[in-house]
Every structure is written in C-alpha cells, then in structure tokens.
Amino acid sequence: MIRFGLCCISLKLKEQGLSHQTMTYKRFSSLPREEALKILGERIQNNLMVTNETIKFCAENNYVYRVSSDIFPLITYDEANVSLEDLPNYDEIQDEFDNIQSTISNSTVRVTCHPSEFNVLASSNQKAVDKTITELNFYSSFFDRIGLPADYSSPMNMHIHNKNGSHYEIIDRFMTNFKRLDENCRNRLVIENDDKLNCWSVAELITFFHNKTNIPITFDYLHHKCHPNGLDEESAIKMCHNTWHGYKPLFHYSESRPGNNPRAHADYAEIPFETYGLDFDLDMELKAKDLAIEKYEQICKGILV
DNA sequence: ACCAGTCAAGGAAGC
DNA sequence: GCTTCCTTGACTGGT
C-alpha cells in the first residue's frame, strides 16, 4: 500500500504553536559561550519535542515522515565547536531521544531524512567533503539513537549535485568518500535524480551510477519531468524501483508552482500520479505540507487501495 | 504587531 | 576571479 510522506513540518501542529527553532553562528558567537550553549540546548530540546509530536501526528494519519535537517543547529559546524554533551540540558535531550524511540516503536511510521543540498559527497573540494561526512555520520548516529534500522527502510536521501569531471571521475570521488562513512550511514544512503539539465538524470544514475555502486535510486516525479533525458516516466520509475534490493522504495512527488521556474514547488498538488502498478512510499514535497496531503488524498482516492 | 532583511551552505552561471 | 542566484524557515532588528 502506498503511503504519503510528510516532509519536516506539519502546518496543523504549527498552528498549535509547535515549530522548530534555530540559531545562527553569528548569533551564537555574539553571546558569552555559557549563555549561547543554554539557548542552543533549549532550542535543540524543543526541536526534538516537536519531532516527537510530528511523528505521533504521522502515526495518527498513516504518513511516513522525513525528519527536518535542522534539528541540531551548529552541532556539526566546525567553528562553533559544540557537541551535544556540551549542552547544559544534555540529560533532557537524551530523554527526548528516548521519547522519540518509544513513539516510533509503538507505531508503524517510517522515518527518513534528506540532508541539505550542501552535502556533496562527490565534491572536488576536500573541505566540503569532510563537512559532508561529518554531517551524514551525525545524522546516521541520530537515527541509531532513536532506534531506526540501519538499512533502506530508513533511507538517508541525497543528490550527487556535482558535474566537475567525467561521470567516471565523479563516481570515483563519490565512492572514495562513501567508503569513509560509518557503516550504518552507508547502509541507509540512497541517491535521487536531479532536476537541472546536465546534472544527474534517472537515465544517467541507472547507467553510470547504480550499475557501479548498487546504491538505490530515489525517483522524483517533478525532477524527472524537468530533466527526463529521453526516458519516459514509466520506464524511469520502474528502473528506480528495481534498485531497492527488495526494500519498499521511498519516492518524491511534487508539482510546479505557477510562474517562471518549473522547478519551484507548488503549495498544493492537483494531478493524480501514476503508480504503474508499483508499491512505494511517496514524500509530498509541497509548501502546504499536511494540508496539501489531505487534499491530495481526496484527489487520489481509488488509486491508493 | 508586523515586516523586511539576514543567515547558512556548495555549485553554477554570468560578468 | 569575482558577484549573484538558488533554497528554506526561522531568527533578528527596526518601525
């Protein structure tokens, strides 16, 4: 059965006052360190509480959930030099990890993540690669701490997002750096097709990347529409579906926001998607978040049985 | 109370 | 070899 996925935020919960908080390095470094750590700790604790409530919300609605990439501001930021253990409310933060673990184990919510586009494993900039590895390992260790399996049922999704060199050079760089990741992180990592022309299409990911690495490919409907590279939707999604080693794939759906940029995401989706007889989960990348899912479920009645 | 500007990141594109 | 744009939601500071 296909389930829809909520990405990061519920607008219904936001209305009730539950929202994420952040802290910039500029702000952090302008305060005395003790005060800065206190504020940062409180915000991280809040973000974990909100994450827990959002997972409960997904459990009630039978959604899968993509956790926010901004739960832990500054924690992997070199200049800030902070680890969770430095925060004065570290014990309370550990309690929140336990609460999340308990919520997940008492439900069937599938939990996933999509680190930001600034994580580039195939970059030729060594510093960017090092930061990426730190960030991915940290998020994977977070997944470990909340009891998620180290396999593709809790995928960590990324783009290649680099075209510096030939396909082979980029894949070589990717694999060299991939091998430096923690094992649990490697076992969760999946790669998504890009929406920009002359970046990585499904056709290229299958032909060049998957065949060499065996890493699953995430199919994104809108990205494929923007950058089909000669491949029709049905062939593309079926090829991607075949790369998941028997795990239920997690794909992405969105529609273009009216305007000049077809890659921009709409508030709501209006066109039923094609399943082509396949089973998968589907993250809904729409600005109106859970409100959009609710509306789209009505539109898709009949194909979701 | 509200609104505009700021923040953080890597890469691509355009001078 | 610069600057600007892309993207995101929340913070920040000025009215």
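Reminder, nothing fancy here: chain letters follow the sequence lines and each chain counts from 1. Everything quoted here is computed from the prediction, not taken from an experiment. As a basis for the values below, the full set of heavy atoms in this structure was taken, side chains included, without hydrogen atoms, waters or symmetry mates.
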A.B. asks: Can you check the A:Asp194 CG to B:dA12 C1' distance for me, whole Å?
C.D. replies: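 Distance check: A:Asp194 CG to B:dA12 C1' gives 12 Å.
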
A.B. asks: Of the nucleotides B:dA8, C:dT8, B:dG10, which one has an atom closest to the side chain of A:Tyr77?
C.D. replies: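 Taking heavy atoms from C-beta onward, the closest nucleotide is B:dA8.
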
A.B. asks: Which residue lies toward the 5' end of DNA chain C, A:Lys289 or A:Lys196, if each is placed at its nearest nucleotide?
C.D. replies: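 Upstream on the strand: A:Lys196.
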
A.B. asks: Of the nucleotides B:dG10, C:dC11, B:dA8, which one has an atom closest to the side chain of A:Phe118?
C.D. replies: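 Nearest listed nucleotide: B:dG10.
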
A.B. asks: Ignoring hydrogens and geometry beyond distance, is a side-chain donor-acceptor pair present between A:Glu204 and A:Thr207 at under 3.5 Å?
C.D. replies: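 Checked: A:Glu204/A:Thr207 side chains show no N/O donor-acceptor pair below 3.5 Å.
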
A.B. asks: What's the closest nucleotide to the side chain of A:Ser123 if the choices are B:dG10, B:dC7, C:dT8?
C.D. replies: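 Looking only at heavy atoms from C-beta outward on A:Ser123, the closest nucleotide is B:dG10.
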
A.B. asks: Take the protein atom CZ of A:Arg173 and the nucleotide atom P of B:dG10, then report the distance between them rounded to whole Å.
C.D. replies: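 Computing the A:Arg173:CZ to B:dG10:P distance gives 15 Å.
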
A.B. asks: Would you say B:dA13 has OP1 or OP2 under 4.0 Å from some side-chain N or O of A:Lys163?
C.D. replies: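 Indeed, a polar side-chain atom of A:Lys163 lies that close.
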
A.B. asks: Which of these nucleotides, B:dC7, B:dG10, C:dT8, is closest to any side-chain atom of A:Lys287?
C.D. replies: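 So the side chain of A:Lys287 is nearest to C:dT8.
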
A.B. asks: Taking atom P of B:dA13 as reference, at what distance in whole Å does atom NE2 of A:His161 sit?
C.D. replies: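 Between P of B:dA13 and NE2 of A:His161: 11 Å.
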
A.B. asks: Whole angstroms only, please: what is the CG-P distance between A:Asn162 and B:dA13?
C.D. replies: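 Those two atoms, CG and P, are 12 Å apart.
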
A.B. asks: If you look at every heavy atom in A:Asn157 and A:Glu192, which pair is closest and at what distance?
C.D. replies: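 Smallest heavy-atom distance, with atoms named: ND2-OE1, 2.7 Å.
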
A.B. asks: Examine B:dA9: is either OP1 or OP2 under 4.0 Å from a nitrogen or oxygen in the side chain of A:Tyr25? Give yes or no.
C.D. replies: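 So the side chain of A:Tyr25 is outside the cut-off, no N or O lying under 4.0 Å from OP1 or OP2 of B:dA9.
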
A.B. asks: With respect to the side chain of A:Ile9, which nucleotide from C:dT12, B:dG11, C:dG9 is positioned closest?
C.D. replies: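 Taking heavy atoms from C-beta onward, the closest nucleotide is C:dG9.
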
A.B. asks: Phosphate oxygens OP1/OP2 of B:dC7: is one of them under 4.0 Å from a side-chain N or O of A:Arg27?
C.D. replies: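 Checking A:Arg27 against B:dC7: no side-chain N or O falls below 4.0 Å of OP1 or OP2.
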
A.B. asks: Tell me the interatomic distance from A:Trp200, atom CH2, to B:dG10, atom P, rounded to whole angstroms.
C.D. replies: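 Distance, rounded to whole Å: 21 Å.
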
A.B. asks: Can you measure A:Glu42 atom CD to C:dC11 atom C1' for me and round it to whole angstrom units?
C.D. replies: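 Taking atom C1' of C:dC11 as the reference, CD of A:Glu42 is at 15 Å.
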
A.B. asks: Do A:Ser124 and A:Asn164 have side-chain atoms, one donor and one acceptor, less than 3.5 Å apart?
C.D. replies: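 Yes, because at least one side-chain N or O of A:Ser124 sits under 3.5 Å from a partner of the opposite role on A:Asn164.
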
A.B. asks: When we call it a touch if two heavy atoms are under 4.0 Å apart, what does A:Thr24 touch: a base, just sugar-phosphate, or nothing?
C.D. replies: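 Result for A:Thr24 = sugar-phosphate.
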
A.B. asks: Please tell me which of the listed nucleotides, B:dC7, C:dC11, B:dG11, lies nearest to the side chain of A:Val120?
C.D. replies: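 Of all the options, the side chain of A:Val120 is nearest to B:dG11.
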
A.B. asks: Is it the case that atom CD in A:Glu85 sees more than 12 heavy atoms from other parts of the structure closer than 6.0 Å?
C.D. replies: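 Yes.
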
A.B. asks: Could you tell me the separation between the CG atom of A:Asn119 and the P atom of C:dT7, rounded to a whole number of Å?
C.D. replies: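 For the pair A:Asn119 CG and C:dT7 P, the rounded distance is 18 Å.
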
A.B. asks: Should A:Lys14 be listed as having a side-chain N or O under 4.0 Å from OP1 or OP2 of C:dG9?
C.D. replies: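 Result: no.
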
A.B. asks: Identify, with sequence neighbours excluded, every residue that meets side-chain contact (heavy atoms from CB on, under 4.5 Å) alongside A:Ser141.
C.D. replies: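 Here the qualifying residues are A:Phe138.
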
A.B. asks: Within this structure, what is the CG-to-P distance between A:Leu31 and C:dC11, rounded to whole angstrom?
C.D. replies: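 That distance rounds to 14 Å.
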
